[in-house]
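What follows is a short report on a single structure.
Residues take their numbers from the sequence shown, with the count starting at 1.
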Amino acid sequence: MSVLDAPVTAAAPAAPTAGLTPVFVRLKLTLLRNGLRQSSGRKAAFIVSLVFTLLLAAGQVLGLVLLRGNTHAGTVVVLLTAVVALGWAVLPLFFPSGDDTLDPTRLVMLPLRPQPLVRALLVSSMIGIGPLFTLCLVLGSVLALAHGPAGIVFAVLALPLTMLLCVALSRAVATANVRLLNSRKGRDLAVLSGLVIAVGIQFVNFGAQRLGQSGGLSALEPAGNVARWLPGASAIAAVDAASDGSYGVAVAQLLVTAAALVALVWMWQRGLVKLMTAPDGSTLAAAAPTRKESDRAGLSGLLPEGRTATVVHRSLLYIARDPKTKAAWVTALAIGAIVPLLNAFQGTGSVYFTYFACFAAGMLGMQMYNQFGQDTSAFWMVALTISSTRDAYVELRARALALLLITLPYTVLVCVATAAVLGRWQALPGALGISFALLGAMLAIGAVASALFPYSIPQEGAFKNVAPGQGGLAWISIMTGMLAAPVLAGPVIALTIWLHVADHDGALWLVIPAGIVYGASLGWAGLRIAAPRTANRLPEILAAVSKG
């Protein structure tokens, strides 16, 4: 169901738009309900995601409430709110999310005025798991800081202001970038933006680690003093200032967030008007004639003719040309190297630190998940060529081979680089063996998950990676694999630990062939298990991946 199917399309052009907000709220709830009705598995995934989010939010609220009275409570809460606001600005562009009611390009043909449309979109954006989690965090923040009548009054004002600013910031950024990200070159540029965001998140993570090593929260005070005057965080800081009796400072900080909210709504409204009235030059056909593609080139050209070479070539083309597939790979390659190398550069000197290099194998192994989703509705052409379990097995095996052509040399490179930075070459064999076993486990789980939990990757939305109603299914599939892969690779991990504990470092080289054989066996078993399920569930897979 799209916005064009909503009841609002029946309204005459001269009809008033005062009731637009309830229509969009009902539309949001209808989209969510219809998405859950499609299958019991999707409904179960959504419920599990909701329960997990609520439990995590409850833990966050409890932790924030326990900060009441702490000397550094204001600094911690203000910085947390600033990070949450930053997340609302960037995460919807690069992480799985999506909602047809939030895609303004679907509203171009509707007789809607800008101001009522902004109000309707703003309110409907408050419905969802993400807004619920943010509301819990903001509620816990004001509970941690509000003391006395003045603090409570400012807390009542700061709570809705912060929520509205987060949502308005997200929608304004998305609207401003929708034309850019919908173009071919723009989506390629978005890959770089996503990489910058991913790198930034890792630097925040390592900063938190260094903070823990410093032994106190006082190191956060300078950053907290700056964040107190940033929109969003300044509203929460106003609660702290009012509780301490600094009413003038509290009013000024609250006004900072209020002014930023007004500016964002104004920018969002202008962006909507421009988006829905100005022509889009990025969609014009290129004047130059198209270039005829060569049959096969690169790594796939080395393979013998047949289905395997064709599938490998197609998979490599997806990685090189499809913006969303390229973004996922670039992000995985960047983070897979950043985490172990930055940890190594911090110089703990521990031999076990080398095993952070296994993170590279885990990041790239995740690319095996949802193999058919990247085909979108074109998967029907692949489905026509699968008439038996053997065909499904060869298809999955070729896709895994295309992934291994990149992941194997990359994993070896990251492991060697990490060992070189640490100067702990004796740990390299263990890191390589565990990485090979972990990669094989993730290939196996990814093949099975692709058959059992397929989901669509919408192509028309630049900042949507999962079709509406399938977000919980995607997260459950990925998180289950991330938890199960280390368990499957447990024997190789246990062997490596035993050799270290028993001081048999000279025998660590045995972990490499053990990891190769065990990882290959896991991958083979996973493909064998996934093949019949893929062949038997082709109609369900096609329906799931074609949803977007």
Side-chain angles (χ1 to χ4, degrees), residues 41 45 48 52 328 332 335-336 339-340 352 354-373 389 392-393 395-412 414-415 427-455 473-501 508-534 537:
V48 172
F52 177 78
I335 298 181
V339 170
Y352 297 102
T354 307
Y355 296 113
F356 269 102
C358 302
F359 189 81
M363 286 298 301
L364 295 185
M366 290 176 60
Q367 304 307 313
M368 187 65 186
Y369 291 80
N370 197 33
Q371 277 293 300
F372 308 125
T389 300
Y393 173 76
E395 175 75 22
L396 288 170
R397 185 186 62 186
R399 291 176 184 247
L401 177 60
L403 187 144
L404 288 173
L405 290 175
I406 300 175
T407 56
L408 281 178
Y410 175 83
T411 299
V412 173
V414 172
C415 288
L428 178 60
L432 285 173
I434 293 177
S435 296
F436 294 149
L438 184 63
L439 185 57
M442 298 202 75
L443 289 178
I445 300 172
V448 176
S450 296
L452 298 181
F453 307 108
Y455 56 90
L473 187 66
W475 282 113
I476 289 297
S477 173
I478 295 174
M479 292 303 296
T480 301
M482 292 179 64
L483 295 175
V487 176
L488 290 180
V492 177
I493 297 175
L495 172 63
T496 307
I497 294 176
W498 178 78
L499 289 175
H500 273 301
V501 173
L508 277 173
W509 65 271
L510 294 173
V511 180
I512 295 180
I516 293 175
V517 173
Y518 186 72
S521 301
L522 285 178
W524 176 82
L527 294 176
R528 285 295 182 185
I529 294 173
R533 287 158 178 79
T534 300
R537 299 187 73 251

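Residues forming a side chain to side chain contact (heavy atoms under 4.5 Å, CB included) with Ser521 (at least two apart in sequence, or on another chain): Val517. With sequence neighbours excluded, the residues forming a side chain to side chain contact (heavy atoms under 4.5 Å, CB included) with Ile516 are Phe436, Ile512, listed by chain and number. Not counting sequence neighbours, the partners of Arg533 by the side chain to side chain contact (heavy atoms under 4.5 Å, CB included) test are Ala451, Leu452, Ile529. For Phe372, the ring-ring contact (aromatic ring centres under 6.0 Å, His included) partners are Phe379, not counting sequence neighbours.
Annotation for Leu432 and Cys415: closest pair CD2-CB, 3.7 Å, computed over non-hydrogen atoms. The heavy-atom pair separating Ala444 from Gly526 by the smallest distance is CB-CA, 3.6 Å. Between Ala485 and Ile445 the shortest heavy-atom distance is N-CD1, 3.5 Å. Minimum heavy-atom separation, Pro429 to Leu508: CB-O, 3.4 Å. Contact record, Ala530 with Leu396: CB-CD1, 3.7 Å, taken as the closest heavy-atom pair.
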- Task: Go through the steps for Val511 and Val492 under the test side-chain contact (heavy atoms from CB on, under 4.5 Å), then give the verdict.
- Result: CA-CA 7 Å; Val511 180; Val492 177; 3.9 Å; yes
- Message: Please determine whether side-chain contact (heavy atoms from CB on, under 4.5 Å) holds for the pair Leu443 and Leu522, giving the CA-CA distance in whole Å, both sets of side-chain angles, and the decisive distance to 0.1 Å.
- Response: CA-CA 8 Å; Leu443 289 178; Leu522 285 178; over 6 Å; no
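When the shell of 6.0 Å around CZ of Phe52 is examined, it contains 12 or fewer heavy atoms from other residues, nucleotides or ligands.
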Which donor-acceptor pairs under 3.5 Å do side chains of residues 399-409 form with protein atoms, sequence neighbours excluded?
residue: Arg399; atom: NE; partner: Glu395; partner atom: OE2; Å: 2.8
residue: Arg399; atom: NH1; partner: Gln371; partner atom: O; Å: 2.8
residue: Arg399; atom: NH2; partner: Asp375; partner atom: OD2; Å: 2.6
residue: Arg399; atom: NH2; partner: Glu395; partner atom: OE2; Å: 2.9
residue: Thr407; atom: OG1; partner: Leu403; partner atom: O; Å: 3.0

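The salt bridge (charged side-chain N to carboxylate O under 4.0 Å, His left out) contacts involving residues 444-455 comprise nothing, where partners must be two or more places apart or lie in separate chains.
Remark: side-chain polar atoms of Thr496 are not paired, donor with acceptor, to backbone N or O of Ala431 under 3.5 angstrom.
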